[in-house]
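Below is one structure, written out as structure tokens, with a few remarks after it.
Throughout, numbering of the chain's residues begins at 1 and tracks the sequence. Values below: all heavy atoms of this structure, side chains included; hydrogens, waters and symmetry mates excluded.
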Amino acid sequence: MNTLVIHNPSYKIETACLLKKLLLVANSLLAASCALLITSILISYPFADYFSIPVQISAHISTIVIAAILKISYVLRCIALHGMGKEVR
């Protein structure tokens with residue numbers, strides 16, 4: 001059976017552009033989630049006396065949610081770096 005293979009150079013360009021965008025979004029999301037995680041931890045524990053109970057409950061719940069977002073953004077960053085052929089650390 002004969003197979004026709006068409007090499008499309010624009011496919012590689014589109015993929016590289018997509019991976020660069022993914023890396024930018026992942027890095028931005030990683031930085032934002034780190035900042036939000038630190039904020040929610042500060043509200044939850046050392047500065048809890050300055051906030052009401054509903055705010056503290058929200059901060060505790062958001063700590064779990066933001067930690068999950070942080071992990072997802074790190075995985076997206078690893079995927080982008082692997083796709084670009086760079087070292088994943």
Side-chain angles (χ1 to χ4, degrees):
M1 198 169 242
N2 293 337
T3 305
L4 177 63
V5 177
I6 299 173
H7 295 285
N8 187 356
S10 67
Y11 175 73
K12 288 184 179 181
I13 294 171
E14 291 172 8
T15 304
C17 185
L18 180 67
L19 289 172
K20 285 181 182 179
K21 286 180 185 179
L22 179 63
L23 184 61
L24 178 67
V25 168
N27 284 337
S28 301
L29 193 58
L30 194 61
S33 61
C34 281
L36 288 172
L37 185 64
I38 290 169
T39 303
S40 68
I41 289 172
L42 288 174
I43 291 172
S44 297
Y45 298 105
F47 300 116
D49 294 339
Y50 300 106
F51 295 98
S52 66
I53 294 295
V55 172
Q56 290 180 41
I57 292 170
S58 299
H60 277 81
I61 293 170
S62 67
T63 300
I64 297 167
V65 173
I66 293 168
I69 293 171
L70 185 126
K71 292 172 189 175
I72 291 169
S73 63
Y74 182 73
V75 169
L76 289 175
R77 182 179 187 277
C78 290
I79 290 170
L81 287 173
H82 180 73
M84 295 169 74
K86 295 185 178 181
E87 181 183 357
V88 178
R89 9 177 202 151

Roughly how far, to the nearest 0.5 Å, is [atom2] of [Y] from [atom1] of [X]?
{"X": "T63", "Y": "L70", "atom1": "OG1", "atom2": "CG", "value": "12.0 Å"}
{"X": "N27", "Y": "L23", "atom1": "CG", "atom2": "CG", "value": "4.5 Å"}
{"X": "Q56", "Y": "D49", "atom1": "CD", "atom2": "CG", "value": "7.5 Å"}
{"X": "I57", "Y": "S44", "atom1": "CD1", "atom2": "OG", "value": "10.5 Å"}
{"X": "I66", "Y": "T39", "atom1": "CD1", "atom2": "OG1", "value": "8.0 Å"}
{"X": "L37", "Y": "L42", "atom1": "CG", "atom2": "CG", "value": "9.5 Å"}

Determine whether [X] and [Y] fall in the same hydrophobic cluster, where Ile, Leu, Val, Met, Phe, Trp and Tyr are linked whenever their side-chain heavy atoms lie under 4.5 Å apart.
{"X": "I72", "Y": "V65", "answer": "no"}
{"X": "L76", "Y": "L30", "answer": "no"}
{"X": "I38", "Y": "F47", "answer": "yes"}
{"X": "I64", "Y": "F51", "answer": "no"}
{"X": "L24", "Y": "L81", "answer": "no"}

Non-hydrogen side-chain atoms of L22 and I79 separated by less than 4.5 Å: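 With C-beta onward as the side chain, the pair touches.
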
Close side-chain approach of S40 to I43, heavy-atom, < 4.5 Å: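 Of all side-chain heavy-atom pairs linking I43 with S40, none is under 4.5 Å.
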
side-chain hydrogen bond (donor to acceptor under 3.5 Å, both in side chains) involving S73 - partner list, sequence neighbours excluded: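 Listed in chain order: nothing, the list is empty.
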
Within residues 59-80 or reaching into it, pairs that qualify as ring pair (Phe, Tyr, Trp, His ring centres under 6.0 Å) - sequence neighbours excluded: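 Residue pairs passing ring pair (Phe, Tyr, Trp, His ring centres under 6.0 Å), neighbours aside: Y45-H60.
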
Heavy-atom pair of closest approach, residues P46 and I41: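 P46 and I41 have their closest heavy atoms at CD-O, 3.5 Å.
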
Shortest non-hydrogen separation from R77 to R89 and the atoms involved: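 The answer is NH1-O, 4.0 Å.
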
